[in-house]
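Keep in mind that the numbers below use all heavy atoms, side chains included, and drop hydrogens, waters and symmetry copies. When a ligand or atom number is given, it counts from 1 through the structure's own listing order.
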Amino acid sequence: STDTSRNVLISRPEPSVALLTLNRPKALNALNSALFGELNAALEEADEDGDIGAIVLTGSDKAFAAGADIKEMKDKQFADAYKSNFLVNWTRMSSIRKPIIGAVSGYALGGGCELALMCDILLASPTATFGQPEIKLGVIPGAGGTQRLTRIIGKARTMELVLTGRNFTADEAERWGVVSRIVREGSVVDEAVKVASRIAGFGRVSVQAGKEAVNVAFETTLEQGLKYERRLFHSLFATADQKEGMAAFTEKRNAQFKGE
Ligand code: HXC
């Protein structure tokens, strides 16, 4: 679709993959409430759609997203922000059950960087530029930047980024484990769709369980996390896909997963 009146374009590059493209080119995909309304609706629709196994989220070559829309935000008052719980809608993405692969080119700054950090797998173009520049605007990250970045790259680096507002490169993001891979310029969406398509070919229950189990590592102790993993592992023996997957191996053929 090329309808520029919409802030999020939705397409199906593969029958099992939803591709969501942030589309406010004139504002470098600055994130506003209308865009988040559309993004959340598209994510929830893809999560409910039985034909879809994984979701790709991307922006443009120039910008994944250059942050929260400063023009929309600048006149806010504390009381309104507090009473309306401003930003509550921004983290809805973290409750989606299907894997979300982020494909980052260009700027991923502020809320754009935080949106990228909410993806389950991140791929970057060599020119991707990340950063939490909020300090330059007299504020701090508000959609998880101080928490998710610290867990991923550690305290010293996060403190430097958050307190100086300096950007970091795709190379740094890869070295620090923010992105899983840097791919050839111009190929990041294709690569992300390939990853999504591969994931969508596996059993839906085991894929959801894998995502759930990894996320528990960010929420709990090692002992509790290991127990959680083991219980989920046990539960997968109640699925037809486990029987099919292991039968296919012993019969030397490809598995046909049904998501049951
Ligand atoms: C509103 C934005 C914007 C933003 C860019 N634009 N970023 N509008 N909010 N975050 C608009 C510009 O105003 C301009 O529109 C158009 O997009 C193109 O931007 P330019 O600045 O002309 O482009 P360029 O010179 O290439 O510079 C790119 C840039 C710069 C380095 C990314 O735009 C920039 O510094 N943007 C702000 C980045 C930022 O501070 N992000 C954090 C926001 S705070 P006009 O119409 O003016 O020409 C945040 C808080 C999160 O995210 C907290 C909770 C989520």
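Taking the six-membered ring where the residue is Trp, Phe78 and Tyr82 present parallel rings, their angle staying beneath 30° rather than reaching 60°.
For the atom pair NZ of Lys194 and CG of Leu123, the computed distance is 11.0 Å after rounding to the nearest 0.5 Å. Ile55 CD1 to Asp120 CG: the interatomic distance, rounded to the nearest 0.5 Å, is 9.0 Å. For the atom pair CD (Glu212) and OH (Tyr228), the distance works out to 3.5 Å, reported to the nearest 0.5 Å. Note: Ile182 CD1 to Leu122 CG = 12.0 Å, rounded to the nearest 0.5 Å.
Counting only heavy atoms of the protein, atom 3 (C) of ligand 1 lies nearest to Ala30 CB, 4.0 Å. Here the protein heavy atom with the shortest distance to atom 10 (N) of ligand 1 is Ala68 O, 2.9 Å. Looking only at protein heavy atoms, the nearest one to atom 53 (C) of ligand 1 is Gly142 N, 3.5 Å. Among protein heavy atoms, the minimum distance from atom 51 (C) of ligand 1 is reached at Glu134 OE2, 3.4 Å. Shortest contact from atom 39 (C) of ligand 1 to any protein heavy atom: Ala66 O, 3.6 Å. Annotation: atom 6 (N) of ligand 1 to nearest protein heavy atom, Ala27 O, 3.7 Å. At the shortest separation from atom 15 (O) of ligand 1 among protein heavy atoms lies Lys71 NZ, 3.6 Å.
Heavy-atom minimum distance, Ala46 versus Ala18: CB-CB, 4.1 Å. Annotation for Gly165 and Ile135: closest pair N-CG2, 3.8 Å, computed over non-hydrogen atoms. Nearest heavy-atom pair across Trp90 and Ala68 is CH2-CB, 3.5 Å. Across every non-hydrogen atom of Pro99 and Val207, the tightest pair is CG-CG1, 3.4 Å. Of all the heavy atoms in Asn254 and Glu244, the pair that sits closest is O-OE2, 4.2 Å. Considering every non-hydrogen atom in both Leu109 and Phe130, the closest pair reads CD2-C, 3.8 Å.
When each atom of ligand 1 is checked for a heavy atom of Lys26 under 4.0 Å away, the hits are 15 (O), 16 (C), 17 (O). The contact set between ligand 1 and Pro133, taken as ligand atoms under 4.0 Å from a residue heavy atom, comprises 39 (C), 40 (O), 41 (N), 42 (C). Per-residue contacts place Ala143 under 4.0 angstrom from the following atoms of ligand 1 (heavy atoms of the residue considered): 54 (C), 55 (C). Using a 4.0 Å cut-off to heavy atoms of Trp90, the atoms of ligand 1 that qualify are 55 (C). The ligand atoms of ligand 1 that sit less than 4.0 angstrom from a heavy atom of Leu87 are 54 (C), 55 (C).
The existence of a salt bridge linking Glu160 and Arg157 is excluded, since no basic side-chain nitrogen approaches an acidic carboxylate oxygen closer than 4.0 Å.
Geometrically, ligand 1 and Leu109 share no nitrogen or oxygen pair separated by less than 3.5 Å. In terms of polar-atom proximity, Ile70 is counted as a contact of ligand 1, with an N or O under 3.5 Å from an N or O of the ligand. Between Leu137 and ligand 1, a contact under 3.5 Å exists for no N or O pair. Annotation: Lys62 places an N or O atom under 3.5 Å from an N or O atom of ligand 1; distance criterion only.
Here Glu114 has side-chain heavy atoms under 4.0 Å from ligand 1, and that is the only part of it that gets that close.
Not a single heavy atom of Lys136 sits closer than 4.0 Å to an atom of ligand 1. For Glu72, the closest heavy-atom approach to ligand 1 does not fall below 4.0 Å.
For atom 34 (C) of ligand 1, the nearest protein heavy atom lies 4.0 Å away or farther.
Nearest to atom 20 (P) of ligand 1 by heavy-atom distance, out of Asn32, Leu28, Val139, is Leu28.
Atom CZ of Arg230 has 12 or fewer heavy atoms from other residues, nucleotides or ligands within 6.0 Å.
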